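Structure first, then comments.
Start at 1 with the first residue, then count along the sequence. This is a predicted model, so every value here is computed, not measured. Both ligands and their constituent atoms are indexed starting at 1 by order of listing.
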Amino acid sequence: MARSAIINVMVQTAMKAGRSLARDFGEVQNLQVSLKGPGDYVSQADRKAEEIIYQELSRARPGYSFLMEERGTVPGDDDQHRWIVDPLDGTTNFLHGIPIFSISIALERQGQIVAGVIYNPAMDELYTAERGGGAFMNDRRLRVAGRAKLSDAVIGTGIPHLGRGHHGHALIDLRNVMGEVAGIRRLGSAALDLAYVAAGRMDGFFEDALAPWDMAAGILMVREAGGFASDRDGGQEMFDNGTIVAGNEQMHKSLLKTLQQRKG
Ligand code: IPD
Ligand code: CA
Ligand code: CA
């Protein structure tokens, strides 16, 4: 499969950062047994991966702006282009030696996401999408699952925890969704959740309180695989209100309806 120049840049960057994360992940698995645990080590791994991504992308496309989880906003001379990057999505999994984590890189042009790469180095799964060009995993074209009924569906979500998110709201959503579906999964990497929806592994996904870097590449992935993504009101303000609902057309609609049972 021929990849465009921009996807190539993003893939090379994600793979390079991925090699760094994979090395550190191996080390984390060794550190698991120590009392202090690998916490500081993981923050370093995260920052190291972000540094690699920042250097590689700045070199390949000088002047583009950045929105990165650790660095925040880095303005560039070119205000038409912005990289949106999570160098390690699934930190809690990484810290606990669970091989479900990813690097997420999206490119926004004039406010529109035009390219996305999500890479899980532990499983060597590389997801790519370009606007109008389809979505792929390791060169295999992706298509969202065809299931139309919630009762057949496996739905991914995020569950807030100590110090994070609105626990009461999440419990209401879970109660509303769990009674209607075949299964709920909490993978621990929102970027991979969306990639899994694109790949048809999960039928849908919803979460609140996400940041743009958690979902930018994944939104494009889902759409390029023929799916739908919106905020929980059905609008396109995902980056502003931090909510997302995704799936095939029918599943997206049904999930929105189910989630709307919670007002406020
Ligand atoms: C987290 C993951 C997780 C989601 C959290 C995010 P991080 O990102 O995407 O699945 O539930 O809301 O913050 O902290 O591992 O980069
Ligand atoms: Ca994240
Ligand atoms: Ca992160």
Atom indices of ligand 1, in the order listed, that fall short of 4.0 Å to a heavy atom of [X]:
{"X": "D214", "value": "8 (O), 9 (O)"}
{"X": "A190", "value": "2 (C), 9 (O), 10 (O)"}
{"X": "E69", "value": "16 (O)"}
{"X": "S189", "value": "9 (O), 10 (O)"}
{"X": "G188", "value": "2 (C), 3 (C), 10 (O)"}
{"X": "D86", "value": "16 (O)"}
{"X": "L210", "value": "12 (O)"}
{"X": "L88", "value": "16 (O)"}

Does this structure show an ion pair linking [X] with [Y], if we count only N-O contacts that are shorter than 4.0 Å?
{"X": "R71", "Y": "E51", "answer": "yes"}
{"X": "D193", "Y": "R185", "answer": "no"}
{"X": "D173", "Y": "R232", "answer": "yes"}

Between D89 and L192, which heavy-atom pair has the shortest distance, and what is it?
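Closest approach of D89 to L192: OD2-N, 4.4 Å.
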
Would I105 end up clustered with L88 when hydrophobic side chains under 4.5 Å apart are linked, directly or stepwise?
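In one cluster with I105: L88, yes.
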
What's the separation between atom [atom1] in [X] and atom [atom2] in [Y], rounded to the nearest 0.5 Å?
{"X": "H252", "Y": "D203", "atom1": "NE2", "atom2": "CG", "answer": "14.5 Å"}
{"X": "I103", "Y": "M10", "atom1": "CD1", "atom2": "CE", "answer": "12.0 Å"}
{"X": "E70", "Y": "E50", "atom1": "CD", "atom2": "CD", "answer": "5.0 Å"}

What protein N/O/S atoms are there under 3.0 Å from the Ca ion (ligand 2), waters excluded?
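You should have found D86 OD2, D89 OD1, D214 OD1.
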
Quick check: G90 and ligand 1, any N/O pair under 3.5 Å apart?
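Looking only at distances, the answer is yes, because the N/O contact criterion of under 3.5 Å is met.
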
Is a side-chain donor or acceptor of N248 paired with a backbone partner of A145 at a separation under 3.5 angstrom?
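Judged by distance alone, yes, a pair lies under 3.5 Å.
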
Under 3.5 Å, is there a donor-acceptor pair between the side chain of D208 and the main chain of A170?
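A pair under 3.5 Å: no.
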
What residue and heavy atom of the protein are closest to [atom], and at what distance?
{"atom": "atom 8 (O) of ligand 1", "value": "D89 OD1, 2.9 Å"}
{"atom": "atom 5 (C) of ligand 1", "value": "E207 OE2, 3.7 Å"}
{"atom": "atom 13 (O) of ligand 1", "value": "R164 NH2, 2.9 Å"}
{"atom": "atom 14 (O) of ligand 1", "value": "T91 OG1, 3.6 Å"}

Parallel, tilted or perpendicular: which one describes the rings of H81 and Y64, with boundaries at 30° and 60°?
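H81 and Y64: parallel rings.
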
Evaluate salt bridge (charged side-chain N to carboxylate O under 4.0 Å, His left out) for E125 paired with R201, printing each intermediate quantity in order.
CA-CA 13 Å; E125 284 187 348; R201 289 176 173 173; 2.8 Å; yes

Hey, is R186 touching ligand 1 through its side chain, its backbone, both or neither, going by heavy atoms under 4.0 Å?
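Looking at R186 and ligand 1, just side chain atoms fall under 4.0 Å.
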
Check whether more than 12 heavy atoms from other residues, nucleotides or ligands sit under 6.0 Å from atom NZ of K253, and answer yes or no.
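Not more than 12 within 6.0 Å, no.
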
